[in-house]
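Working notes, beginning with the structure itself.
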Amino acid sequence: MIKKITPVLATAVLLVPTGAHARTMPAVMAALGDSISAGFNACGWYVACTSRSWSAGDSPSVNSHYLRLLTMGSAIKGTT
């Protein structure tokens, strides 16, 4: 059985295109959620502080998802 499967697997590996595993990066980002997504109380009492949001904030002290995506590609810059 293994002797029959080996050539098929070898052929399948050789036929996979080299760009098949290319990573696509998002061009736009939106944050939907609760007070944590808005950075509520991060800048003061009862204030939404979107710059310190863990998801779409741009404060370097938070290291948000937005900033991590920005380091991988600049297409998302300013689109949160």
Side-chain angles (χ1 to χ4, degrees):
M1 182 75 172
I2 292 177
K3 289 182 181 182
K4 293 179 181 179
I5 294 175
T6 303
V8 173
L9 290 176
T11 304
V13 169
L14 293 175
L15 293 178
V16 173
T18 56
H21 300 291
R23 186 173 22 169
T24 58
M25 298 301 297
V28 178
M29 181 179 178
L32 301 174
D34 55 4
S35 59
I36 297 171
S37 297
F40 195 73
N41 281 347
C43 296
W45 292 100
Y46 299 106
V47 178
C49 187
T50 56
S51 66
R52 293 187 184 168
S53 166
W54 66 271
S55 55
D58 58 0
S59 175
S61 63
V62 177
N63 195 22
S64 65
H65 292 288
Y66 168 71
L67 290 178
R68 287 183 248 164
L69 286 171
L70 190 60
T71 61
M72 292 196 238
S74 62
I76 198 169
K77 186 172 185 172
T79 60
T80 58

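Values below: every heavy atom of this structure, side chains too, minus hydrogens, waters and symmetry copies. Just so you know, these numbers come straight off a predicted model, no measurement behind them.
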For A31 and A56, work out which heavy atoms get closest and say how close. CB-CB, 4.1 Å
How long is the straight-line distance from CE of M29 back to CG of L70, given to the nearest 0.5 Å? 10.5 Å
Test side-chain contact (heavy atoms from CB on, under 4.5 Å) on I76 and M25; report intermediate values, then the result. CA-CA 8 Å; I76 198 169; M25 298 301 297; over 6 Å; no
C49: side chain to side chain contact (heavy atoms under 4.5 Å, CB included) partners, not counting sequence neighbours: A42, C43, S51, R52
Please answer whether the main-chain N or O of S37 pairs with a side-chain N or O of S53 as donor and acceptor at a distance below 3.5 Å. yes
Common cluster, I36/V62, ILVMFWY with side-chain heavy-atom separation under 4.5 Å: no
Sequence-distant partners of T50, side chain to side chain contact (heavy atoms under 4.5 Å, CB included), two or more places apart: none
For residues 29-61, which residue pairs qualify under ring-ring contact (aromatic ring centres under 6.0 Å, His included), counting only residues two or more places apart or in two chains? W54-H65
Taking atom OG of S64 and atom CG of L69, what is their separation to the nearest 0.5 Å? 8.5 Å
